[in-house]
K.L.:
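Quick one: structure below, then a few questions.
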Amino acid sequence: MQPTIFHSSAWQALEKHQRSTAQWQMRDLFSTDPERFNRFSIEAACILLDFSKNRINRETIALLSDLALAAGLPLEMEKMRQGVPINVSENRAVLHVALREQGDYPYQVNGEPILPGIRKVLRQMRRFVDHVLTGAWTGFTDKKITDVVNIGIGGSDLGPRMAVEALQPYANTGVKCHFLSNIDPEHIHQVLAGLNPETTLFIVVSKSFSTLETQLNAVAARKWLVDALGDESAVAKHFVGVTTNKAAATAFGIQVDNLFEMWDWVGGRYSVWSAVGLILAFAIGMDEFEAFLAGGASMDQHFFSAPIDQNMPIIMALIGIWYNTFYKAHTHAVMPYVQGLQRLPAHLQQLDMESNGKRAGKQGEPILFDTGPVIWGDVGVNVQHAFFQLLHQGTRLVPCDFIATVNPHFEVNAHQANLLANCLAQSEALMKGKTTSEAQREMLKAGLSEQQIEALLPHKVFPGNQPSNTLLLRKLDPKTLGALLALYEHKVFVQGVIWGINSFDQWGVEYGKQLALDILPLLSSEKEKTNAHDPSTMGLIQYFHQHRHSME
Ligand SMILES: O=P(O)(O)OC[C@H]1O[C@](O)(CO)[C@@H](O)[C@@H]1O
């Protein structure tokens, strides 16, 4: 077997260093280094990253940087930009960065420049959005479009949905946006319930145009429309598509002029920058959509030029590896203290877990260490009243990202200061903890008896030393959202490079899809018999038939 990063001296040095850091207390690291915040914070693209509340010192960062170099990170970054097929199992280039290029970097795939095609689609998006918003494009019965429904799932849903929600304060085009992803009949029922077919536009977003869920929903929405308008040709005025698969989309009934091109060098979970973001452009207008792209590009520029120890995505990736792989933390929590970013954890789950949830190396070799963590989280301050107890006094190491803004969109009394105070208080409490003597003093001051103090003490002590990053955004505007998303994309890429895995395929999601197709006939007809499934699955199918259409 080829030696891998696991056998490198950089790896061994980090293992040794980890053992020596295991007893460190972050509160001590702060008290011995007054420069710690300045040393361990970076600003780029209107985002400040404070990574000082981590179990690291200068040596840790130097050793982690050595690991990145041993993994060939600079070369891999260059390969990405040069359009080398770094998605080796699918033999594809990975060029979502080209989608937000602001200058004229000569991005190529197979020797062909790709910027002209990207810019052509952007112009097509602008034209189309303008036509719909001005009423130059109308529905089949000549009525102005008032509602746009994005039909898609995974990367064709999560990114655009999160961004539309995050940028609501900029959503003043007058069009209402809706998302249909699930095939629970409840979802389509809810989405269509309030809509008028005459004024509704559907965007079918599917890179492959073969994803079962999207197909089922698109067919059901088409039937709803045709039933209401009484004419099959209405489809042309109410359905547009975003896909690499022109043939399947036109067979569905979408006119070729109403198709927005995608390319196989854009992964679904990295695709919000392409026409997959069309619904975002409808929500905030094309100018703001382009500001979003520019924000992504400003983070790219930082990523491709800053030295490792000043490079925000690389530092976040290295710290993640420090905990995941060397400290064996299993999860990573993301807590935006920004209501608009409520769906960010869901987007990051796909981005990170579909990219780095891998156990085979790029050449198929087994990976001998832990790779991508379980990503989870929710919006602050609500999280404090939900799962923070475990972070403060549970038994697990849970690295966290806190995200907050300096300037809210709306000033309401002292809400923003209170929100930020809570965010900062949580990360401080997680870092510092509360020692036995601090807890004792506190209880004495509150007038508790010695007996009471003794009984309560174990419950009042906080171990602390729980690491976190804090990202402070100047404001959640389109540009900064773009920079934030690009930051996480690059973080995931860097981790994949260091772990030696391909972050751009997703074979793991295929197996369940296959089995679902096998199971479907058994649910459709009780007469279908097979021994191909395990007794648990067959027992559940039998229960389904026994109780279908009966509530006894
Ligand atoms: O855009 P498509 O081809 O419909 O795929 C949707 C999603 O399905 C997946 O292939 C698997 O979940 C994702 O990677 C992708 O984002």
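Heavy atoms only: backbone and side chains are in, while hydrogens, waters and symmetry mates are out. Ligands are counted one by one from 1 in listed order, and the atoms in each one are counted from 1 as well. All of these numbers come straight from a predicted model, not from anything done at the bench.
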K.L.:
What residue and heavy atom of the protein are closest to atom 12 (O) of ligand 1, and at what distance?
P.N.:
Glu354 OE1, 3.4 Å

K.L.:
Which residue holds the protein heavy atom closest to atom 5 (O) of ligand 1, what is that atom called, and what is the gap in Å?
P.N.:
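The closest heavy atom on the protein side is Thr211 OG1, 3.4 Å.
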
K.L.:
Could you tell me the separation between the CD atom of Gln350 and the OG atom of Ser355, rounded to the nearest 0.5 Å?
P.N.:
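Going from the CD atom of Gln350 to the OG atom of Ser355 covers 7.5 Å.
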
K.L.:
Using a 6.0 Å distance limit plus a 45 degree cone around the ring axis, check whether Lys237 lies over the aromatic ring of Trp137.
P.N.:
yes

K.L.:
Which residue holds the protein heavy atom closest to atom 3 (O) of ligand 1, what is that atom called, and what is the gap in Å?
P.N.:
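Result: Ser208 OG, 2.6 Å.
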
K.L.:
Parallel, tilted or perpendicular: which describes the rings of Tyr107 and Tyr105, with under 30° parallel and over 60° perpendicular?
P.N.:
tilted

K.L.:
Please list the nearest protein heavy atom to atom 10 (O) of ligand 1 with its residue and the distance rounded to 0.1 Å.
P.N.:
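Residue, atom and distance for the closest contact: Lys513 NZ, 4.0 Å.
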
K.L.:
Looking at Glu76 and Arg81, does any basic side-chain N land under 4.0 Å from a carboxylate oxygen?
P.N.:
no

K.L.:
Within ligand 1, which atoms have a heavy atom of Ile153 less than 4.0 Å away?
P.N.:
6 (C), 7 (C)

K.L.:
Within 45° of the axis and under 6.0 Å from the centre of the six-membered ring of Trp265, does NZ or CZ of Arg92 qualify?
P.N.:
no

K.L.:
Taking both backbone and side-chain atoms of Thr214, is any N or O found less than 3.5 Å from an N or O belonging to ligand 1?
P.N.:
no

K.L.:
To check your reading of the model: name the closest protein heavy atom to atom 11 (C) of ligand 1, its residue, and the distance in Å.
P.N.:
Val509 CG2, 3.4 Å

K.L.:
Purely on distance, is any nitrogen or oxygen of Glu510 under 3.5 Å from one on ligand 1?
P.N.:
no

K.L.:
Looking only at distances, please establish whether an N/O atom of ligand 1 is found under 3.5 Å from an N/O atom of Gly155.
P.N.:
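Between Gly155 and ligand 1, an N or O pair is found under 3.5 Å apart.
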
K.L.:
When rounded to the nearest 0.5 angstrom, what is the spacing between CD1 in Ile541 and CG in Leu522?
P.N.:
4.5 Å

K.L.:
Drop me the distance from Leu201's CG to His178's NE2, to the nearest 0.5 angstrom.
P.N.:
11.0 Å

